[in-house]
Engineer: 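I'd like to ask some things about the structure below.
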Amino acid sequence: MQQVRLTLPMIPNMELTASKTACAMGEQIGLSPDKIDEVQMAVVEACINAFEHSGAADREVRILFQVLGSTDEPNGLEIIIQDGGGGFSPDKIRPRDTEEILNAPRKRGHGLRIIDGLMDEVEIRSDSEGTTVVMRKMR
Amino acid sequence: MQQVRLTLPMIPNMELTASKTACAMGEQIGLSPDKIDEVQMAVVEACINAFEHSGAADREVRILFQVLGSTDEPNGLEIIIQDGGGGFSPDKIRPRDTEEILNAPRKRGHGLRIIDGLMDEVEIRSDSEGTTVVMRKMR
Amino acid sequence: MTESLKLTVDDQRDGLSVIYTDGYINNQGGEEIARVAYELIEKGQKCLLLNLAGTKIVNSIGISILIEIIEKMLEIDGKLAFCRLTPTIEKTFHIMGLAQYAGIYSDEETAVTSMTS
Amino acid sequence: MTESLKLTVDDQRDGLSVIYTDGYINNQGGEEIARVAYELIEKGQKCLLLNLAGTKIVNSIGISILIEIIEKMLEIDGKLAFCRLTPTIEKTFHIMGLAQYAGIYSDEETAVTSMTS
Ligand SMILES: Nc1ncnc2c1ncn2[C@@H]1O[C@H](COP(=O)(O)OP(=O)(O)O)[C@@H](O)[C@H]1O
Ligand SMILES: Nc1ncnc2c1ncn2[C@@H]1O[C@H](COP(=O)(O)OP(=O)(O)O)[C@@H](O)[C@H]1O
């Protein structure tokens, strides 16, 4: 299977390097421009979550881009974003509605909703060893 | 130091993923658009050389993008492209002039000249364990 | 480091100001927009249009700052609207429910007509 | 897989044909240009202009195929020229010495005027 690996330092704007790589991979397998945009934005969110919340000691995010289907007939892109931070309980993160967000003192808590909304499939595995976000976009 | 690592399979067009990553890094440190273009093209050449000539058993190219200077004041980009193939003797590769190329039966032998011409500094280390091309572009 | 958002403001219009963005709307980008928006509000402007034609990527921190600007506008009975979003940015704004509080228009002309009438 | 080069041909002109490229000129891209060029040559066209406005990246295999087309043109006393190169592609063509054998023009108009006069 066709795999590209990217390791990024947790530095502001590095998420853009990840999103450009996602773009190149998406073009490679013939994803539509709109789907590529969606993947790029989801990758940005997953990266900044790792940058901001993981507290990983090595200050690195590892990303695996995997072409789904065969080389001749790729049918999607799987992106696995992994950090070695403290983890969290994805089940405890309750989606907030906009009303609630507007009234909350800090306007945050969007990242996971955006990822969910833009990708076809999302799985999050997280424990005290770190967090792994698996996301897929089909052609 | 700010480092991004990329591992690519030796598959046609994967060089474009490398060149997009180079583009993102170049933008990040404020390289001019023309210099970014030059870096992108040099990266493409180094990748296809590894794809075509290395004969590496793992069919992978490893690329390290390194910001030169400090994080606040980056002054250039170093890109190290490495394969685990059979290597070659860079000294024995004699630059050919165009006349010679036009008269040769196969019109090849451009890659290293392009890399040399587009980057500020280029070093090639190659032995039977593989080839490492180090190239730098200053701001 | 570059990659910073560039803003252009057109405040020479009747009844509204247009802010044009060029680049990535992240933390700093959102704050830059907020700074410019609050300046316009200070000057008495109650109608702001953000033209995002030059923006391909927005992150959730940037969006959260945009929500703060919307809130401020609601407080002063003003209007904030957006135009020229990519389909993905529009989708993201809908995921966040922003569309309930801020108008989203395909192009500037439609936005201006609707906002000033 | 996509990423393939797209070509458009304008052969409705007096004395020359223009080939417009859109995308990456690699192995396949170069061969596609060669195929189209040889077709035009077959039809009697001796003056070809390659407008590379839509191409940002060229690789050395693509260039080597372009050199083959130039050679063919020299054989038949024809002309091949390029226009609208990015500074980097132009630099690369100079590194290869292509400029000695093929005209390089900034824009289509200048190229056409110079080639057909
Ligand atoms: N990679 C991660 N490591 C640790 N915690 C995380 C990670 N990603 C998300 N979280 C947790 O999930 C919460 C919700 O994330 P998100 O929806 O992206 O909103 P926000 O980033 O705006 O807080 C975060 O506040 C954080 O507690
Ligand atoms: N990564 C590599 N591994 C092994 N040999 C290489 C590598 N890169 C270059 N070479 C050798 O150097 C030669 C010249 O390379 P280059 O100038 O790029 O021209 P071309 O690729 O067109 O032959 C190649 O033909 C090959 O023998």
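Chain letters run A, B, ... following the sequence lines, proteins first and then strands; every chain starts at 1. Remember, predicted model here, so these are calculated numbers, not experimental data.
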Engineer: Can you name the nearest heavy-atom pair linking C/K56 to A/D37, along with the distance?
Structural biologist: NZ-OD1, 3.0 Å
Engineer: Which atom pair, heavy atoms only, marks the closest approach of C/I67 to A/H110?
Structural biologist: CD1-CE1, 3.4 Å
Engineer: Does the side chain of C/M96 reach to within under 4.5 Å of the side chain of A/I114, using non-hydrogen atoms?
Structural biologist: yes
Engineer: Considering non-hydrogen atoms only, spot the tightest contact between C/V58 and A/E45 and give its length.
Structural biologist: O-OE2, 4.3 Å
Engineer: What verdict does the side chain to side chain contact (heavy atoms under 4.5 Å, CB included) test give for C/K91 and A/D34, after you've listed the backbone C-alpha separation in whole Å, the side-chain angles of each residue and the deciding distance to 0.1 Å?
Structural biologist: CA-CA 11 Å; C/K91 202 164 172 178; A/D34 284 350; over 6 Å; no
Engineer: For chain C, which candidate among A/Q40, A/E15, A/E38 shows the most heavy-atom pairs at distances under 4.5 Å?
Structural biologist: A/E38
Engineer: Answer whether the closest heavy-atom distance between the side chains of A/M41 and C/I89 falls below 4.5 Å.
Structural biologist: yes
Engineer: Please evaluate residues C/I95 and A/L118 with respect to the criterion side chain to side chain contact (heavy atoms under 4.5 Å, CB included), reporting the C-alpha separation (whole Å), side-chain torsions for both, the decisive distance (0.1 Å), and the verdict.
Structural biologist: CA-CA 9 Å; C/I95 294 171; A/L118 296 180; 4.0 Å; yes
